[in-house]
Amino acid sequence: MLDIKRIRDQYDAVVVGLAARGVKPDGVSAIRDIDLERRQMVTEVESLKGVRNRVSKEIGLRRKRGDDTAEAEASMRQVGDQIGALDERIRKADERLQAMLLMIPNIPHPGLPKGLDASGNQVVRTWGTVPTFNFMPRSHVELAEKLGVVDFARGTKISGAGFPLYVGLGARLQRALIQFMLDIHVRDHGYTELWPPVVVNAASMTGTGQLPKMKDDMYAIPEDDLYLIPTAEVPVTNYYRDEVISSPLPIYLTAYTPCFRREAGAAGRDTRGLIRVHQFDKVEMVKFTDPATSYEELESLVLNAEDILQRLQLPYRVLMLCSGDISFAAAKCYDIELWAPGQNAWLEVSSCSNFEDFQARRAGIRYRDAKGKINFVHTLNGSGVALARLVVALLENGQQADGSVLLPAVLAPYLGGVDRLPLPH
RNA sequence: GGAGAGGUGGCUGAGUGGCCGAAAGCGACGGUUUGCUAAACCGUUGUACCGGGUAAACUGGUACCGGGGGUUCGAAUCCCCCCCUCUCCGCCA
């Protein structure tokens with residue numbers, strides 16, 4: 001959520017910033033008008049309340065003396081009615097203002113490449129070498145089925161399309177990867193591990209920005225006003241919701257969770273395989289930082305995610321997203337994409353964002369600065385990394401001519417020494 | 001799910017209609033004293049919003065005692081609904 005004062009005092013800059021996203025100024029202009037009207041009403045009602053407070057106090061004293069206060073009481077009844085009417089109008093204005101503010105995305109960092117869609121994104125670095133094959137590389141779908149590590153058909157039977165079922169070494173590989181990634185973030189990158197709820201309330205979803213805009217993309221349990229999380233970002237960032245953080249910043253948290261996405265707007269896209277699914281697993285990193293250092297923290301966050309991929313010896317590239325392609329709540333975002341030979345494409349496995357104070361303001365996450373003043377923190381998060389697509393890359397990059405798959409050596413200790421996915425006999 | 005008790009400032013805890021933004025204690029911060037530490041003593045100690053001021057300091061006002069609504073000239077205090085915590089019972093991995 002943007003600071004209403006920023007819209008009030010730096011209106012032109014806000015309009016220019018949002019234009020970089022391709023957002024029209026209608027929303028903020030309406031907000032500015034309602035805000036002005038609201039402030040006039042607030043000033044008026046507060047002066048009326050001041051009168052009422054003073055006179056009511058006098059009534060109390062005069063009654064004690066035995067004076068007749070009927071006249072004053074009658075006139076205060078009138079004032080009370082005026083206050084009630086104004087309060088109601090202010091409440092309605094607040095409601096509209098709040099609803100509109102929640103729909104305004106964050107302002108992109110001015111240093112981003114300009115562009116309105118993915119074509120404007122900039123490759124900032126590439127790591128590793130894209131493997132070459134002396135045979136036609138297969139898709140992970142074919143590999144997974146042949147190896148018996150994913151049973152797509154039974155996943156569909158049990159739940160529906162987009163709910164993969166991992167079997168045998170496939171299941172063990174999921175567990176191994178989760179453990180491997182968490183170990184690195186905790187041991188080498190300084191994160192504290194959380195094991196959070198994966199079903200959260202509406203306030204948490206609003207705090208991180210999924211609600212109200214992305215309601216249709218989430219699985220919901222309306223009877224209980226609960227939602228299945230689309231990412232661990234939601235419970236982990238909301239850890240500090242409505243708090244003044246007393247621990248020193250920065251704070252690094254990490255968590256593995258399953259993630260649930262309806263993919264409502266993506267029907268028919270990437271329907272086969274593990275690339276776009278309704279349930280997948282992910283290790284997420286979240287940072288709470290001082291506003292002064294959040295951009296340095298973003299750089300190190302990306303490196304933390306890259307470290308995982310380097311240890312797995314997988315070729316990837318890092319993109320700086322352009323102003324029009326960053327997510328709703330982000331001010332700056334790097335995507336990390338793994339090479340997937342079977343797709344002949346780069347696959348996004350991590351998205352590392354600095355939200356500045358956008359989420360913190362929505363979620364009420366604050367800290368005390370050096371002077372003791374309370375201020376909003378900056379929040380950041382990034383995948384470290386998403387499992388389903390990581391498995392796609394492991395299968396497609398590690399595939400051998402016979403269809404078996406060699407696994408990165410670092411995973412063997414997590415798989416009881418297994419270093420490959422062999423063909424079943 | 002049933003019955004009971006309770007939710008007040010960073011914490012403990014008083015307050016049953018006006019003199020309560022809220023006693024007292026603890027903690028924290030500043031000061032006096034001290035070779036250092038401790039103790040003692042004095043002082044300070046919330047947040048948000050609206051207005052004034054070079055939005056830096058400061059200053060006038062409004063709101064906030066779990067959340068929402070009601071009664072009243074006036075609500076932490078009375079009434080209604082909801083949420084949460086604790087205890088007991090039931091159920092259960």
Short side-chain N/O contact to B:U47 OP1/OP2 from A:K373, under 4.0 Å: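 It does not, given that no N or O in the side chain of A:K373 lies less than 4.0 Å from OP1 or OP2 of B:U47.
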Just the rounded figure in Å: distance from [atom2] of [N] to [atom1] of [X].
X: A:I4; N: B:C50; atom1: CD1; atom2: C1'; value: 14 Å
X: A:D3; N: B:A55; atom1: CG; atom2: C1'; value: 12 Å
X: A:L48; N: B:G51; atom1: CG; atom2: C1'; value: 15 Å

Hey, where does RNA chain B pair up into stems, meaning at least three consecutive Watson-Crick or G-U pairs with distances under 3.5 Å?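 Stems found: B:1-7 with B:83-89, B:10-12 with B:24-26, B:27-32 with B:40-45, B:46-52 with B:58-64, B:66-70 with B:78-82.
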What integer number of Å spans the P atoms of B:A56 and B:G61?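 Those two atoms are separated by 22 Å.
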Interatomic distance at C1', B:U33 relative to B:C41, whole Å: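 Taking atom C1' in both B:U33 and B:C41, they lie 9 Å apart.
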Residues A:Y316 and A:Q310: side-chain donor-acceptor under 3.5 angstrom: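 Side-chain D/A pair, A:Y316 to A:Q310: present.
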Test item: side-chain donor near acceptor, A:N375 and A:D369, under 3.5 Å: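 A:N375 vs A:D369: no donor-acceptor pair found between side chains.
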pair A:E284-A:S383: side-chain heavy atoms closer than 4.5 Å: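 SC-SC contact between A:E284 and A:S383 confirmed.
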Heavy atom of residues 69-99 of chain A under 4.0 Å from RNA chain B: which residues?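 Result for residues 69-99 of chain A: A:E73, A:M76, A:R77, sorted by number.
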Can you sort out which residues in residues 357-368 of chain A have a heavy atom within less than 4.0 Å of RNA chain B? Ascending by number, please.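 Close to the strand are A:R366.
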Of all pairs that satisfy ring pair (Phe, Tyr, Trp, His ring centres under 6.0 Å), the ones with a partner from residues 197-251 of chain A, not counting sequence neighbours: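 Every ring pair (Phe, Tyr, Trp, His ring centres under 6.0 Å) pair that includes a residue of residues 197-251 of chain A, provided the two are not neighbours, is A:Y240-A:F288.
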Taking the side chain of [X] as heavy atoms from C-beta outward, which of [options] is closest to it?
X: A:N53; options: B:C49, B:C19, B:A63; result: B:A63
X: A:I59; options: B:U47, B:G61, B:G18; result: B:G18
X: A:R63; options: B:C73, B:C19, B:A55; result: B:C73

Enumerate donor-acceptor pairs with a distance under 3.5 Å from any side-chain N or O in residues 161-185 of chain A to protein atoms, sequence neighbours excluded.
from   : atom 1 : to     : atom 2 : distance (Å)
A:R172 : NH2    : A:L415 : O      : 3.3
A:Q174 : NE2    : A:D281 : OD2    : 3.2
A:D183 : OD2    : A:Y414 : OH     : 2.7
A:H185 : ND1    : A:H189 : ND1    : 3.0
A:H185 : NE2    : A:G384 : O      : 2.9

Salt bridge flag under 4.0 Å for residues A:R91 and A:E88: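 Yes, charged N to carboxylate O under 4.0 Å.
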Between the protein and nucleotides 42-44 of chain B, list every N/O to N/O distance that falls short of 3.5 Å.
none

Are A:T379 and A:Q359 close enough, and set up right, to give a side chain to side chain donor-acceptor pair (under 3.5 Å), and what steps lead you there? CA-CA 7 Å; A:T379 60; A:Q359 288 182 331; 2.7 Å; yes
